[in-house]
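Just so we're on the same page: letters track the sequence lines, and every chain starts at 1.
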Amino acid sequence: MASDRSQKEPQHHSTLEEIRSTRLEKVEQLKKLGLNPYAYKWEITHHAAELQEKYAALADGEEVDIEVSIAGRILARRVFGKLAFFNLQDETGTIQLYLEKKKIDANMTDLSGAFNHLKKLTDAGDLLGAKGTIKRTEKGELSIYVSEYGILTKSLLPLPDKWHGLTDVEKRYRQRYVDLIVNPQVRETFRRRAQITAGIRRYLENRDFLEIETPVLQSEAGGAEARPFITYHNTLEMDLYLRIATELHLKRLVVGGFEKVFELGRIFRNEGVSTKHNPEFTMIEVYQAYGDYQDMMALTEDLIKTVAKEVIGEAKVTYGEEIIDLETSWRQETMHDLVKEKTGLDFNEFKTFEAAKTASVEAGIEIPDDCQSIGKLLNEAFEQKVEETLIQPTFVIDYPIEISPLAKPHRSKPGLVERFELFIVGRETANGFSELTDPIDQRQRLEAQAAAKAAGNLEAHNVDEDFLAALEYGMPPTVGLGIGIDRLIMLLTNSDSIRDVIAFPLLKSQSAAIKSFDYDSGNKILRVEFNNGSIYKYHEVPESVYKGLKETPSVGQYFNDRIRDKFGFDREV
RNA sequence: GGGUCGCUAACUCAAUGGUAGAGUAUCCGGCUUUUAACCGGCAAGUUCUGGGUUCGAAUCCCAGGCGACCCA
């Protein structure tokens, strides 16, 4: 019998494409057997972790005659002649399946050769349902002694290497689903992320804050200094901006009479990508009427402590080499004092900008061109010399007015505002201030921003007249807070890149990878086939461009520069 | 934006400028206590792309793509 097979064409089963086609054949074989390779349902009675916990004390070789049914993904197979062991993973963990020919064939009488089909037609990566009893093997592994199985979904693509797992960082982010399958700690990170955001909402709802959703698409970006994404509404024929903050709309709600509001949502900033920045990220903004920044610092501290305790179990966090103590009362220092402590410079003493600049240069502070006031210089000194040293939670308070256009002037310190920022592990984690409620003062500050925009500052914005109108109706004394949720989650999950806490971080798109192209000179249509199998037809493409593409040394580069996004197209495949 | 490093079989990695290899996975055969199962066998490559130098390039040079890290 073996000799018949050996005379067949040599089989090639190595590349992805070939593995996939082998598995597609298995799909067909399952269908022929009357088994649906893409099943509708499997009744689950238990999960892996639950069973592991419940039967932790079961002795080696012992069995428990309780029928259980579970489902999950096959992570590993160890197959013998008439016996097999599979490791099955569900959302909670893994458990071994003890698969014996005798037992399975005796129970699955409708399917002759049930055990052999299981051996031949399943692969690591398939989703499998199994019913059976509990048994700890003689080697000590808690198992389900399977009487019946169901192939629930046939997987067509192989899982990553079982030794090394998925180590390619890029692939982990680009194909997060694979990362999640093979790296349990990644699932734990996102589980914890969900617990953190749920905990924050619960905390605020318990204190009568109301979450109200505000627009993502805005005709004026505002509420922060950042470059916005611009998009276009076709039927209204207008440019729209994706929000860079929720601030100005939440304040409108406070004007409208809501005393405690918040929104936890996605913010978009058209800026670079780094371990600390993703162009879309999650922020919570909280506004409370009739309070000031001291009230909000108290709330911020209590909120973060409470959530950390709920999620981690204690208000102590290990982050890299550091142990962050969230429990003891958080330090509160003025920006002036901290700068003085680290640099020896007392910014209260400087009478002129020139004097401050000279002293700062001596202290080793680099001064950018647009830094033209004592306040901005103070902030530079803070960012360059202090920020990264603030490891344990620290509220920095009383910021220069120049860098805080929406904050209320300090009640006793001229030139400053009642603002705080929270720093943990050297990173800005939260920002809040007594809100500016004087509409005339606010107009002046926004007009200064608009002037900066007109002068070319891409992070400045036009005056939001409607927001000013709202302030003119009267906003109560109010304090506001913003927390960078991703950075908080990084802290509470001990992650050093923001990409580790965003399920699908933004990545540069991979190269066009053009397979082939041809040109219809009569209709001026350039037809391009990509390596991923898709085919696009570009219209009104001049023959010169086609010739250029034909002659260029780098097709992909030429395509990106001269064709992509330059011509209308439709997609053929 | 700048710098450093990387890109070789599906995966993880080798290969003095001189025949591109190994382990794992896949595929075939065997196997009733494995858990990185084991034993035997087959197959698997546009060395990221495009140029250049050379008798000869995975290796050296140039340009580009993508990524990681650091800096601003």
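- Protein atom CD of E25(A) is 16 Å distant from nucleotide atom P of U26(B), rounded to whole Å.
- Atom CG in L458(A) sits about 14 Å away from atom P in G1(B), given to the nearest Å.
- A25(B) and A43(B): their C1' atoms are spaced 13 Å apart (whole Å).
- A14(B) and G40(B) have their P atoms separated by 27 Å, with the value rounded to a whole Å.
- D179(A) has its CG atom 15 Å from the C1' atom of C11(B), to the nearest Å.
- Atom CG of L159(A) is separated from atom C1' of U24(B) by 14 Å (rounded to the nearest Å).
- Across L30(A), V27(A), L152(A), a single residue satisfies side-chain contact (heavy atoms from CB on, under 4.5 Å) together with Y38(A), and that is V27(A).
- With hydrogens and angles disregarded, no donor-acceptor distance shorter than 3.5 Å links the side chain of K135(A) to the backbone of L142(A).
- Between the C1' atoms of G21(B) and A15(B), the separation comes to 7 Å (whole Å).
- Atom NZ of K120(A) is separated from atom C1' of G30(B) by 10 Å (rounded to the nearest Å).
- Checking U33(B), C69(B), G29(B) against every side-chain atom of K135(A), the shortest atom distance belongs to U33(B).
- On the P atoms, C5(B) is 32 Å away from G23(B), given to the nearest whole Å.
- A donor-acceptor pair under 3.5 Å links the side-chain atoms of R77(A) to the main chain of T122(A), judged by distance alone.
- Comparing U4(B) with A9(B), their C1' atoms are spaced 29 Å from each other, to the whole Å.
- Note: CD (Q175(A)) to C1' (G67(B)) measures 15 Å, nearest angstrom.
- Applying a 4.0 Å cut-off to non-hydrogen atoms, the residues of residues 76-97 of chain A that approach RNA chain B are R78(A), V79(A), F80(A), G81(A), K82(A), L83(A), F85(A), Q96(A), listed by residue number.
- The C1' atoms of U33(B) and A68(B) are separated by 44 Å, rounded to the nearest whole Å.
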If you apply the rule side chain to side chain donor-acceptor pair (under 3.5 Å), what do you find for Q175(A) with Y177(A), and how did you get there?
CA-CA 5 Å; Q175(A) 295 191 287; Y177(A) 38 90; 3.0 Å; yes

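- Using a 4.0 Å heavy-atom cutoff across all strands shown, K276(A) reaches no nucleic acid atom at all.
- Using a 4.0 Å cutoff on non-hydrogen atoms, no part of residues 45-54 of chain A comes near RNA chain B.
- If you measure from atom NZ of K385(A) to atom P of A72(B), you get 10 Å, rounded to the nearest angstrom.
- Across C70(B), U33(B), C27(B), the shortest atom-to-atom separation from the side chain of T275(A) is found for C70(B).
- Phosphate proximity of G30(B) to K119(A): absent, as no side-chain N or O sits under 4.0 Å from OP1 or OP2.
- Between the P atoms of U8(B) and G3(B), the separation comes to 24 Å (whole Å).
- Among residues two or more places apart in sequence or in another chain, the salt bridge (Lys or Arg N to Asp or Glu O under 4.0 Å) test is passed with D500(A) by R172(A).
- If you check residues 101-116 of chain A against RNA chain B, you find no residue with a heavy atom closer than 4.0 Å.
- Taking a pair as Watson-Crick or G-U wobble with both distances under 3.5 Å, the runs of three or more consecutive pairs in RNA chain B are B:1-7 with B:65-71, B:10-13 with B:21-24, B:27-30 with B:38-41, B:48-52 with B:60-64.
- Among residues two or more places apart in sequence or in another chain, the side chain to side chain contact (heavy atoms under 4.5 Å, CB included) test is passed with P400(A) by M335(A), L378(A), E402(A), I403(A).
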Dump the intermediate steps for side chain to side chain donor-acceptor pair (under 3.5 Å) on Y399(A) and E421(A), then the final yes or no.
CA-CA 9 Å; Y399(A) 278 61; E421(A) 286 191 336; 2.9 Å; yes

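- Here E67(A) pairs with nothing under the salt bridge (Lys or Arg N to Asp or Glu O under 4.0 Å) rule; sequence neighbours left out.
- Between A37(B) and C31(B), the distance separating the two C1' atoms is 11 Å to the nearest Å.
- Evaluation of the side chain to side chain contact (heavy atoms under 4.5 Å, CB included) rule for D105(A) yields K101(A), A114(A), F115(A) as partners, not counting sequence neighbours.
- E148(A) is linked by a salt bridge (Lys or Arg N to Asp or Glu O under 4.0 Å) to nothing, counting only residues two or more places apart in sequence or in another chain.
- Between the C1' atom of U35(B) and the CD atom of E138(A) lies a distance of 15 Å, rounded to the nearest Å.
- If you find the closest nucleotide of RNA chain B to S143(A) and to R23(A), the one lying nearer the 5' end belongs to R23(A).
- Using a distance-only test at 3.5 Å, with no hydrogens or angles considered, no donor-acceptor pair links the side chain of T394(A) to the main chain of L390(A).
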Please assess Y145(A) against E63(A) for the test side chain to side chain donor-acceptor pair (under 3.5 Å), listing each intermediate value before the final yes or no.
CA-CA 9 Å; Y145(A) 189 8; E63(A) 292 183 32; 5.6 Å; no

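- Residues forming a ring-ring contact (aromatic ring centres under 6.0 Å, His included) with F350(A) (at least two apart in sequence, or on another chain): F347(A).
- For Y241(A), the ring-ring contact (aromatic ring centres under 6.0 Å, His included) test picks out no residue, with sequence neighbours left out.
- The salt bridge (Lys or Arg N to Asp or Glu O under 4.0 Å) search around E362(A) returns none, not counting sequence neighbours.
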